K.L.:
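Below you'll find the structure I mean.
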Protein chains: 2
Amino acid sequence: MVKESSVPEVVILRLPLYIRALSQMSAEGKTVISSKSLGSRLQITPAQIRKDLSYFGRFGKQGRGYTVDSLIETLTNILGLDRRWNSCVVGVGRLGKAIINYPGFVPEGFKIISAFDNDVNKIGQSVNDIKILPMNMIRSTVEKHDIKIAILAVPATSAQNVITELVDTDIKAILNYAPIAPKVPPTLILRNIDPVLSLQSMTYYLQ
Amino acid sequence: MVKESSVPEVVILRLPLYIRALSQMSAEGKTVISSKSLGSRLQITPAQIRKDLSYFGRFGKQGRGYTVDSLIETLTNILGLDRRWNSCVVGVGRLGKAIINYPGFVPEGFKIISAFDNDVNKIGQSVNDIKILPMNMIRSTVEKHDIKIAILAVPATSAQNVITELVDTDIKAILNYAPIAPKVPPTLILRNIDPVLSLQSMTYYLQ
DNA sequence: TAATGTGAAAACCTTCACAGCT
DNA sequence: AGCTGTGAAGGTTTTCACATTA
């Protein structure tokens, strides 16, 4: 059987964590760190950090550790975070508005270009200088502005339908806030943000 | 070595998903389902569902499947979702307000009882009928109202400090929205909601 | 017949432990 | 001396496959 990629997904999920911790350390004036010190900050074993990094190359110096800034650069590059990723918000209810407005919600590099909604009263209005467009303009807008990421903030009841619409566009990744487990073709990247699931599993350990 | 619990955490994380899908199916009028049909709705293999359930008992009937409503009840009971869980929001900025206001953000059984902030201008005000209290009242309020869950929506810079404060109260679980990997004692349950990490790992697959 | 429940196998991920480099 | 990079070991999770039962 052919493997899509040889890097485990769990490893990819940890890389942004490394970048974040390294950036803090850089801000604190550290120039070199060991896997041990990075690990203790993140509560991850040093061996795991070294193993994770080893999937991509050999970035450390034996006896010394890693150069903070160059490791940040390397990881940023691996994840493709050295480019700008245009995104859009679909669904401009309370949640959608909060997402568009929340400063630092969307980090450097992720630019929200447009917002879509089906509510006739909302269309034409602006949120944080982003004009709300009708849903039927998604396809053309996505194409025109090279939007690759959709942030989905519609009610659960319409989420699957909207996703089916999105599949038909140039959107390549969906950050889904609707509390459903949507079906997407394997070519599309999907991440779910689902605080309710987190709450509902925590209680098991509280009894 | 002693195992804390014999049920893998991944299994616990999937149970709320099962409840959700089963509830939908129940609403659709289905009374009996097989692991196959439940799995196809959630894109999980039937074997995994059967294995997961087998950690807790034998709930199915060979040749038939599972009774939807009784499985919902069983899982709800296992997770402790048949009780009410009092919670509080710490940090009433834009995000905190959105959390308090968002309908269905907090599902049945999770009741937000109080909100805390350190901003003198906010203290005394109400959001969605919940009065904002000063931080130094957390300890007593949590005790008084039997609050077990804290939803943390403070800025990243103060998150670790607030968590350290929370550790000293009767709070047993934290749903953390701050973009940090906080250190908590192993007695406290922690779940992080971190959309930024999700975005930053998605891009790896978009290149 | 149709589907569960479950040991055993396979796949996957983490940790160990140490050779090797600075 | 100190720390990386990495095969190998160990542990965990998923999948297989089938005996069993309604």
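The structure displayed is predicted, hence computed values, not measured ones. Letters A, B, ... mirror the listed sequences (proteins, then strands); counts begin at 1.
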K.L.:
Would you check if B:Ile151 and B:Asn176 make a side-chain contact, meaning some heavy-atom pair closer than 4.5 Å?
P.N.:
no
K.L.:
Kindly state each residue pair satisfying side chain to side chain donor-acceptor pair (under 3.5 Å) with at least one member in residues 77-95 of chain A, sequence neighbours excluded.
P.N.:
A:Arg84-A:Asn86
K.L.:
Could you go step by step and tell me if A:Met202 and B:Leu175 meet the side chain to side chain contact (heavy atoms under 4.5 Å, CB included) rule?
P.N.:
CA-CA 9 Å; A:Met202 283 198 303; B:Leu175 186 67; 4.3 Å; yes
K.L.:
Are more than 12 heavy atoms, taken from residues, nucleotides or ligands other than A:Lys61, located less than 6.0 Å from that residue's NZ atom?
P.N.:
no
K.L.:
Counting only heavy atoms and a strict 4.0 angstrom limit, can you tell me which residues of residues 11-39 of chain B come near DNA chain D?
P.N.:
B:Arg14
K.L.:
Considering only side-chain heavy atoms of B:Arg58, which listed nucleotide, C:dG5, C:dT15, D:dT4, is closest?
P.N.:
C:dG5
K.L.:
Just the rounded figure in Å: distance from P of D:dG2 to OH of A:Tyr66.
P.N.:
18 Å
K.L.:
Could I get the full list of salt bridge (Lys or Arg N to Asp or Glu O under 4.0 Å) partners for B:Glu9, not counting sequence neighbours?
P.N.:
B:Arg191
K.L.:
Starting from C1' on C:dA3, measure out to CD1 on B:Ile49 and report it in whole angstrom.
P.N.:
13 Å
K.L.:
Hey, can you pull the residues of residues 70-81 of chain B with a non-hydrogen atom under 4.0 angstrom from DNA chain D?
P.N.:
none
K.L.:
Just grab all the salt bridge (Lys or Arg N to Asp or Glu O under 4.0 Å) pairs involving residues 18-33 of chain B, residues at least two apart or on different chains.
P.N.:
A:Asp194-B:Arg20, B:Glu28-B:Lys30, B:Glu28-B:Arg41
K.L.:
If you assign each of A:Arg50 and B:Phe59 to its closest nucleotide in DNA chain C, which residue comes earlier from the 5' end?
P.N.:
B:Phe59
K.L.:
Between atom CD in B:Glu9 and atom P in D:dT14, what is the gap in whole Å?
P.N.:
12 Å
K.L.:
Not counting sequence neighbours, which residues clear salt bridge (Lys or Arg N to Asp or Glu O under 4.0 Å) with B:Arg139? List them please.
P.N.:
B:Asp168
K.L.:
Side chain of A:Thr45 only, please: which of C:dT6, D:dT15, C:dT15 is the nearest?
P.N.:
C:dT15
K.L.:
Please identify each residue that fulfils salt bridge (Lys or Arg N to Asp or Glu O under 4.0 Å) with A:Lys148, with sequence neighbours left out.
P.N.:
A:Asp146
K.L.:
Send over the distance from A:Gln48 CD to D:dG10 C1', rounded to a whole Å.
P.N.:
14 Å
K.L.:
Would you say a side-chain N or O of B:Arg64 is under 4.0 Å from OP1 or OP2 of D:dA22?
P.N.:
no
K.L.:
Under a 4.5 Å cut-off applied to non-hydrogen side-chain atoms, are B:Leu79 and B:Ile12 in contact?
P.N.:
yes
K.L.:
Looking only at the side chain of A:Val10 (C-beta and beyond, no hydrogens), which of the listed nucleotides C:dT22, C:dT4, C:dC13 gets closest?
P.N.:
C:dC13
K.L.:
Going by the side chain to side chain donor-acceptor pair (under 3.5 Å) test, which pairs reach into residues 63-74 of chain A, not counting sequence neighbours?
P.N.:
A:Ser26-A:Asp69
K.L.:
Could you list the residues that satisfy salt bridge (Lys or Arg N to Asp or Glu O under 4.0 Å) with B:Lys97, not counting sequence neighbours?
P.N.:
none
K.L.:
Report each atom pair, protein N/O against N/O of nucleotides 7-11 of chain C, whose distance is under 3.5 angstrom.
P.N.:
unit_1 : atom_1 : unit_2  : atom_2 : d
C:dG7  : N7     : B:Lys51 : NZ     : 3.3

K.L.:
Can you confirm whether more than 12 heavy atoms, excluding those of B:Lys144, are under 6.0 Å from its NZ atom?
P.N.:
no
K.L.:
Could you tell me whether the side chain of A:Leu206 reaches within less than 4.5 Å of the side chain of B:Ile149, counting heavy atoms only?
P.N.:
yes
K.L.:
Below 3.5 Å between N/O atoms, which protein atoms pair up with nucleotides 19-21 of chain D? Just atom names and distances, please.
P.N.:
unit_1 : atom_1 : unit_2  : atom_2 : d
D:dT20 : O2     : B:Gln62 : NE2    : 2.7
D:dT21 : O4'    : B:Gln62 : OE1    : 2.7

K.L.:
What residue pairs, at least two apart or across chains, pass salt bridge (Lys or Arg N to Asp or Glu O under 4.0 Å) with a residue in residues 47-60 of chain B?
P.N.:
B:Arg14-B:Asp52
K.L.:
I need the CG-C1' distance between A:Asp52 and C:dC12, as an integer number of Å.
P.N.:
14 Å
